[in-house]
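Worksheet: the structure to be examined is printed underneath.
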Amino acid sequence: AVLLHDPQRPFTPLKQLLLLEEAEGGFDQFTRSYNSFGEQRQPDGTLVFKEWAPGAEALFLTGDFNGWDKFSHPYTHMDFGKWELHLPPNKDGTSPVCHGSQLKVVVHTKDGERLYRISPWAKYVTQQRDSVVYDWVHWDPPSPYVLKHPRPKKPRSLRIYESHVGIASPEGRIASYSNFTANVLPRIKDLGYNCIQLMAIMEHAYYASFGYQITSFFAASSRYGTPDELKELIDVAHSMGIVVLLDMVHSHASKNTEDGLNRFDGSDSCFFHGGSRGEHSLWDSRLFNYSSWEVLRFLLSNLRWWMEEYRFDGFRFDGVTSMLYHHHGIGSGFSGDYSEYFGLQVDEDSLVYLMLANHILHSLYEDCITIAEDVSGMPALCRPVTEGGCGFDYRLAMAVPDKWIQILKEYKDEDWNMGDIIYTLTNRRYGESCIAYAESHDQALVGDKTLAFWLMDKDMYTNMSAMVPMNPVIDRGIQLHKMIRLITHSLGGEGYLNFMGNEFGHPEWLDFPRQGNNESYHYARRQFNLVDMDHLRYQQLYAFDRDMNRTEDKYGWLSAPPAFVSAKHEGDKVIVFERANVLFIFNFHPSNSYSGYRVGVGLDSDAVQYGGHGRLDHSTEFFTEPLPFNERSYSMQVWTPILQVDRCGWMLDSISHDTCITGSAPMVTFLMVFNIYMTL
């Protein structure tokens with residue numbers, strides 16, 4: 001903390017804040033540079049165009065407004081590599097550049113090249129049907145969308161629905177913002193998620209990049225609709241009490257030149273490091289120079305733009321591991337030794353940028369949420385900047401989905417290791433909040449499988465009917481799908497994430513149209529129609545996910561302190577833990593049930609509506625007794641039945657107790673028992 005905050009050291013957050021105060025009047029004005037760069041309409045109708053192009057010899061503006069004359073409208077060279085152009089209004093007072101008309105910046109380089117570029121600050125870019133290059137479009141609608149609803153307060157427990165607008169339809173096409181607003185938002189609300197993480201919103205020329213090769217950082221992707229339609233989406237989500245996070249990609253940028261940032265002024269650097277330091281060898285993309293004043297202006301203003309213009313509620317920062325280290329995590333297996341986190345391999349410029357970004361966001365927006373995608377386990381990543389931390393609210397628990405895939409791929413049911421599962425679900429730095437997830441978009445991509453597909457594979461095509469008895473594969477798959485998601489939800493972190501469609505066991509994988517699949521949209525869609533068919537079991541998985549979230553909303557285990565694990569019995573394959581006055585009991589044994597367990601149920605994974613067998617009596621009451629067991633002062637007996645090709649769980653919502661299970665509160669408010677499956 002001392003090293004990071006010492007103003008005498010180069011590139012500390014404190015030093016940068018002091019410099020911002022001295023040179024720019026503070027970070028508030030500095031991070032609003034989208035009001036002065038790019039295109040700006042003045043009160044008198046004048047349009048001002050401003051760019052930073054330190055390597056350019058001359059800049060001109062061309063477009064529909066001047067018949068694409070390449071030389072008629074030159075920019076004036078200002079200090080510090082900046083260029084400015086003023087276009088007065090027409091004689092009738094109208095704008096000299098019409099709304100919806102196309103523009104280009106013509107860059108003359110010091111090497112004599114003439115380049116055609118899109119402004120890095122462009123707010124809207126589109127692609128013509130017969131072109132691979134995006135065009136800069138002047139966006140200044142006469143009646144822009146007016147946001148109506150205030151931002152919701154930051155949720156106590158964060159339940160995230162990771163979403164991609166373009167695939168949010170059963171149809172084989174690119175879906176729209178309006179489709180998401182009308183058809184997907186109501187499902188998210190019904191499911192009990194209180195946060196949406198929107199992927200692939202910042203404009204990206206290559207659709208199959210999943211939105212991670214950004215070309216225009218200030219432009220909402222036009223392939224889904226207009227900026228106003230995205231604003232409406234967020235506004236309606238806010239009216240439902242749902243916060244919306246943007247998947248923010250500041251870790252790298254597309255190599256595209258004509259419609260991207262790369263070589264904007266003709267030089268190898270400008271926004272990026274020159275030479276090999278400015279290239280990501282695995283992603284084939286450019287890396288920002290975070291020590292550059294103008295790059296800081298651009299990136300910090302970019303964050304502010306999305307918060308102010310579209311009213312996003314925060315960000316999930318992509319590729320944080322790549323940002324933190326000069327080696328970008330390539331070929332590095334992090335063991336947790338502190339020497340891996342503190343040394344010359346750490347990129348201090350990137351680290352300070354992330355600290356500045358978090359400090360500014362949380363200073364300006366009290367309820368802003370920031371999440372780091374970091375696989376390295378960097379200490380203090382999710383501690384406040386004032387403590388010397390990086391300032392994120394959460395980090396993704398990225399080891400959890402990898403562990404579930406490993407178990408399903410490599411182990412028989414009887415060989416599952418309870419201690420290994422518990423270790424993975426609880427192995428996180430104390431005081432640093434994590435977002436747990438059983439699977440995200442990464443596991444859905446082509447080349448991998450979703451949990452449902454790992455569990456049920458080809459049987460999902462022919463045996464998901466609820467009108468006939470489940471075969472052993474489907475029965476095992478459905479029950480394990482529920483158990484894996486609930487134990488991850490309840491034990492794995494302080495927030496929970498699900499990728500759209502996976503809540504109901506979406507079949508197959510995700511693959512965007514590309515040359516390798518003949519530009520097919522068949523796998524670039526989400527088949528929500530499967531949930532709407534009463535005779536299919538997808539509806540049962542959907543119902544379980546919905547009620548799991550609603551139950552968490554009632555009891556709040558995600559916002560509670562870490563769980564106390566009282567049992568992880570390898571022989572019995574039983575896991576028992578307590579969190580938020582909720583007792584969770586999971587029996588993963590493939591053949592054994594255990595008598596002497598008494599359980600009443602409120603939310604029951606063996607209920608018929610969740611694809612179970614409906615054999616539990618919900619009217620029974622059960623009592624604890626003062627018999628110490630597994631380091632707890634009190635204990636109770638429950639019963640986990642042996643099931644006919646099933647795994648089940650019970651959640652008790654209305655128990656009468658004479659004593660608390662933990663011995664530290666008036667009563668246990670909730671109890672769950674989950675049982676593995678099978679006698680054949």
Under 4.0 Å between a Lys/Arg side-chain N and an Asp/Glu carboxylate O for [X] and [Y]?
X      : Y      : result
Asp367 : Arg151 : no
Asp420 : Lys403 : yes
Lys449 : Asp457 : yes

So, [X] and [Y]: side-chain donor and acceptor under 3.5 Å apart, yes or no?
X      : Y      : answer
Thr488 : Trp404 : yes
Tyr461 : Glu508 : yes
Glu308 : Tyr365 : yes
Asp545 : Tyr193 : yes

Answer whether the closest heavy-atom distance between the side chains of Ile201 and Asp247 falls below 4.5 Å. no
Please identify each residue that fulfils ring pair (Phe, Tyr, Trp, His ring centres under 6.0 Å) with [X], with sequence neighbours left out.
X      : answer
Tyr496 : His489
His359 : none
His506 : Phe504

Could you tell me which residues satisfy salt bridge (charged side-chain N to carboxylate O under 4.0 Å, His left out) with [X], sequence neighbours excluded, listed by chain and number?
X      : value
Lys154 : Asp393
Arg550 : Asp190
Arg537 : none
Arg383 : Glu387

Show your reasoning for whether side chain to side chain donor-acceptor pair (under 3.5 Å) applies to Asp534 and Gln539. CA-CA 7 Å; Asp534 292 342; Gln539 189 178 73; 2.9 Å; yes
Could you pull out the closest heavy-atom pair between Ser301 and Tyr34, with the gap in Å? O-CD2, 3.4 Å
For Ala205 and Thr215, the nearest pair of non-hydrogen atoms, with its separation, is N-OG1, 3.3 Å
Aromatic ring proximity [X]/[Y], centre distance under 6.0 Å:
X      : Y      : result
Phe218 : Trp306 : no
Phe217 : Phe288 : yes
His164 : Phe512 : yes
Tyr212 : His204 : no
Phe392 : Phe317 : yes

Counting distance only, does the side-chain N/O of [X] pair as donor-acceptor with the main-chain N or O of [Y] below 3.5 Å?
X      : Y      : answer
Glu439 : Leu451 : yes
Asn358 : Met355 : no
Ser350 : Leu324 : no

Partners of Asp553 by side chain to side chain contact (heavy atoms under 4.5 Å, CB included), sequence neighbours excluded? Arg159
Across all chains, not counting sequence neighbours, the side chain to side chain contact (heavy atoms under 4.5 Å, CB included) partners of Lys231 are Tyr145, Leu147, Asp228, Glu309, Tyr310
Sequence neighbours excluded, every pair satisfying salt bridge (Lys or Arg N to Asp or Glu O under 4.0 Å) that has a member inside residues 372-381: Arg316-Glu373, Asp374-Arg395
Listed once per pair and sorted, the salt bridge (Lys or Arg N to Asp or Glu O under 4.0 Å) pairs that draw on residues 194-221, sequence neighbours left out: Glu203-Arg223
Going by the rule side chain to side chain donor-acceptor pair (under 3.5 Å), which residues pair with Ser285 if we only count those two or more places apart in sequence or in a different chain? His252
CG of Leu497 to SG of Cys434, rounded to nearest 0.5 Å, is 12.5 Å
Hey, mind stepping through His238 and Asp313 against side chain to side chain donor-acceptor pair (under 3.5 Å) and telling me if it holds? CA-CA 10 Å; His238 285 169; Asp313 301 285; 2.7 Å; yes
Trace of the side chain to side chain donor-acceptor pair (under 3.5 Å) decision for Asn502 with Asn498: CA-CA 7 Å; Asn502 287 354; Asn498 164 69; 5.0 Å; no
Are more than 12 heavy atoms, taken from residues, nucleotides or ligands other than Lys148, located less than 6.0 Å from that residue's NZ atom? yes
